[in-house]
Amino acid sequence: MSPKYVYFFGNGSAEGRADMKHLLGGKGANLAEMTNLGIPVPPGFTITTEVCDAYYKNNQQYPKGLSEEIEQNLSRLEKLMGAKLGDPDNPLLVSVRSGAAASMPGMMDTVLNLGLTPDAVNRLMKKTGNERFVWDAYRRFITMFGDVVMGVERHSFEEILDKYKKKAQVKSDTELTTDQLKKIVEEFKAVYKKKTRENFPNDPKVQLKKAIDAVFASWNNPRAVKYRQLYEIKGLLGTAVNVQAMVFGNMGNHSATGVCFTRNPSTGENKFYGEFLINAQGEDVVAGIRTPEPIANLEKEMPEVYKQLVKYKNILENHFKDVQDIEFTIQENRLFMLQTRTGKRTTQAAVKIAVDMVKEGLIDKKTAISRINPNELDQLLHPTFDPKAKKEIIAAGLPASPGAATGKVVFSAEDAEKWTLEKKEKVILVRKETSPEDIGGMHVAKGILTTRGGMTSHAAVVARGMGKCCVAGCGSLHVDYKTQTFKVDGKIIKRGDYISIDGSTGEVMLGMVPTVEPGLSGDFATLMEWADDVRKLKIRTNADTPTDAKKARELGAEGIGLCRTEHMFFGENRIDSVRQMILSAPDVKNLKIKITALEKELAKATNNKTDAIKKELMQVKKELKEPLNLYTSALKKLLPMQRRDFEQIFTTMDGLPVTIRFLDPPLHEFLPQEEYNQKEMARQMKISLKEVQEKVSALHELNPMLGHRGCRLGITYPEIYDMQVQAIIEAACNVKKKGIAVYPEIMLPIISTEQEFNLLKDNVHRIAKNVMEKKGMQIEYMVGTMIELPRAALIADKIAKHAEFFSFGTNDLTQMTFGFSRDDVGSFVPDYIEKGILEKDPFQILDQEGTGQLVEIGIKKGRSTRPELKVGICGEHGGNPQTILFCHKVGMNYVSCSPFRVPIARLAAAQASLQQPVSQATV
Ligand code: PEP
Ligand code: MG
């Protein structure tokens, strides 16, 4: 049996069904379903997406037998309508519309009023007695056919229309007379001939054939291809083509056309919502030529029709169990439904609708959970730009941290602080990139905009942690600190000018764009509770301050998965002590080595040499005094600050685990680079500016990301980690005394060997034991590691013999696996994506193929030597729904993400459980 290419619908029964979207497209499948439900739909037929697929695979040739099938279905339609395509006495008019399985609004082509010829025009004028309507339909048909089917630019027709309107001194098309429309049709035909070198076809069969070709061809027009790329629409066969009898909403005052939603798509309120236009065709509603009336008015204008419309919309919503977006036409008091599809809605509406529908018994909780796109929950947690506001977009960067911010441009953290604190201004901090020096300014700014760096750049990570709006890596902006301006697209924006940035889209806009505040509703909380009942993964947060921790807990975090201790040092005063510690540490170390060597030499020395050695030893010990003093005093200053922070964090997270990662700064992030900071260091350390500069330059590394960072610092300068253990355990004892349940998890960064881990772990236990003995208390704590280097993943079985938990640091693991610097990806990753080498930025969505393999190996090997090993992820990927699904599948125990992504992760984890109920997780 040859395959079936055409599916008929009409007269109460259809060959297709709603679940045949893949074959009939969304529009065709639902037209069939509505017909089967007994809803009035103009009859017609759908040519399948398989035909589109075959057409492209077969060098734009249609499969055999298709034209016969179209013929048969056309005859069936003609019989049903009592009219014939091309019959001068009784012409049938049809619409030809595209419709793929996924909705691609406005991307593909449609031809209306097909079948009009001079004969048909005459006949229709007699039949309807409405000459104007017929000529209007004819000129619309020539425009659509010329544009869509033959590629004649629409403006060629529009120019003629404008010329006539100008001459007649009227504004709207509807004011043109029949005579004027007749002349316009003549001119349209002449343009058509000039541009196509053919006469406008008067044979409706030719019109139909060409229109079907054009709809299939539109599947691959550049804008449809781009749309599919943007919305990641993949795996479809192509578009279907729907040929349907025309119904007219522009036949007079008893005709109308409209669009409605079964519930309010903006608020979610369960109230019929929509609009209509009397005496109009569908395109008029979309084009906004006249202002449509609210749907409620239809009740007054056409009460019977309104009653029917309400009945059908209720049938449709109950049937599809979701909000429907419906198109309808009323032709001389008869209602026809032209389309129904799942209604697009705001996130706020989506949550309300899902919860309401469960309460109404229409759907179950699992369906409600799976209907919400976790990424979109962001919109409920941050202010957003008023969708009605006008926007002048001047550039776009990476949507690094969601939110909407408006403020005056400043180019330094200093200005940001001054302007906000002293002048009470709202500012946007614009930097080429940010560093810890900018932290104060970042904190007070409404938003942060950088020209360099990716989704895991300093600006992005810190902003997300703060829940602050940030657009990063906006390469088209040229910042000039000297002139305090930035240039974009020929425009110059000065310090003090207003801009607005959208951290959810990456857009940068000129001027002040009004925002709307988020409204956390009870429905949102309800949905989250349902998600919690389903998910297997625990959700933790990356939080470095008590404020972040508090926010995250409010949003449902079940612990801290990453507290970056270096971020705790960003604040003023503290950064100076950290710098003092880093700048004095090498001297202390080197001089101590020298002393040990001299002491050994002295022990072995003969009499005549001892004096000289003793002298030198004294000299070196003297030299050590100053740097040692600076080093220990810096550590002493930092200890109580750290202890206080931990006490506050432990208190906030009472009863929940807190993973604290030891200092891990790539040194360049912490060295004073600006001269005014260097001067301040010189003052504090009582040395010259030159000496500070020499120390900075001695610590300069060519590859700081691969340099003296992470546990390597702890190995060379053990006092730093010792201070941190002391602060953690002392803080734990202090809060435990107050009755707070505290579970510190100490985490070592950048581990690549078993020996590194062991050495540092022993130190942790030694100091912790010491503190606990002094305090006379016992603290339950764990020591574990980050797995963020490929080597660590590969020898995870060895590391797990000593480490009590693993947390995958996928920022560094991605960096090290690809060999892509995480701070420089902005300059080439976009090209990789554009050229199809990479599908996604691997710093945003975990690369499962490569980096993911290391994660899987790490978990398997780790659990081979320690089956109860607790495993999580704390890289930025931990808040990404696709990555969360992966984490669920590979059996992690938790994911950790920035505070504002916690609800997103809760929902994504629930969806992952629904998608793969039997988890390998050993939770
Ligand atoms: C990581 O590397 O994934 C991580 C969480 O650590 P950081 O981003 O602080 O290097
Ligand atoms: Mg890291």
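Ligands are counted one by one from 1 in listed order, and the atoms in each one are counted from 1 as well. As a basis for the values below, the full set of heavy atoms in this structure was taken, side chains included, without hydrogen atoms, waters or symmetry mates.
Not counting sequence neighbours, His700 has no partner by the ring pair (Phe, Tyr, Trp, His ring centres under 6.0 Å) test.
Taking the charged nitrogens against the carboxylate oxygens, Asp532 and Arg906 do have a contact shorter than 4.0 Å, which makes a salt bridge. Comment: Asp812 engages Arg709 in a salt bridge, judged by a side-chain N to carboxylate O separation of less than 4.0 angstrom. Contact check on Glu680 versus Arg579 returns no salt bridge, with no Lys/Arg side-chain nitrogen under 4.0 Å from an Asp/Glu carboxylate oxygen.
Under 2.8 Å from the Mg ion (ligand 2) lies an N/O/S atom of Glu788, whether from backbone or side chain.
Within Asp812, the N/O/S atom positioned nearest the Mg ion (ligand 2) carries the name OD2.
With a 6.0 Å radius and a threshold of 12 heavy atoms from other residues, nucleotides or ligands, Lys798 has its NZ atom at or below the threshold.
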Close N/O pairs between ligand 1 and protein, under 3.5 Å:
residue, atom, partner, partner atom, Å
ligand 1, 2 (O), Glu788, OE1, 3.0
ligand 1, 2 (O), Asp812, N, 2.9
ligand 1, 2 (O), Asp812, OD2, 3.0
ligand 1, 3 (O), Gly809, O, 3.2
ligand 1, 3 (O), Thr810, N, 3.0
ligand 1, 3 (O), Asn811, N, 2.7
ligand 1, 3 (O), Asn811, ND2, 3.4
ligand 1, 6 (O), Arg661, NH1, 2.9
ligand 1, 8 (O), Arg564, NH2, 2.8
ligand 1, 8 (O), Asn811, ND2, 2.9
ligand 1, 8 (O), Arg822, NH2, 2.8
ligand 1, 9 (O), Arg564, NE, 2.7
ligand 1, 9 (O), Arg564, NH2, 3.4
ligand 1, 9 (O), Arg661, NH1, 2.9
ligand 1, 9 (O), Arg661, NH2, 3.0
ligand 1, 10 (O), Asp812, OD2, 2.9
ligand 1, 10 (O), Arg822, NH1, 3.0

Check your understanding: Given Leu838 and Phe820, is the side-chain contact (heavy atoms from CB on, under 4.5 Å) satisfied, shown in steps?
Key -> CA-CA 13 Å; Leu838 287 176; Phe820 287 177; 4.0 Å; yes
Practice item. Go through Met681 and Asp576 one step at a time and tell me if the side-chain contact (heavy atoms from CB on, under 4.5 Å) criterion holds. Key: CA-CA 7 Å; Met681 283 322 297; Asp576 290 345; 4.3 Å; yes
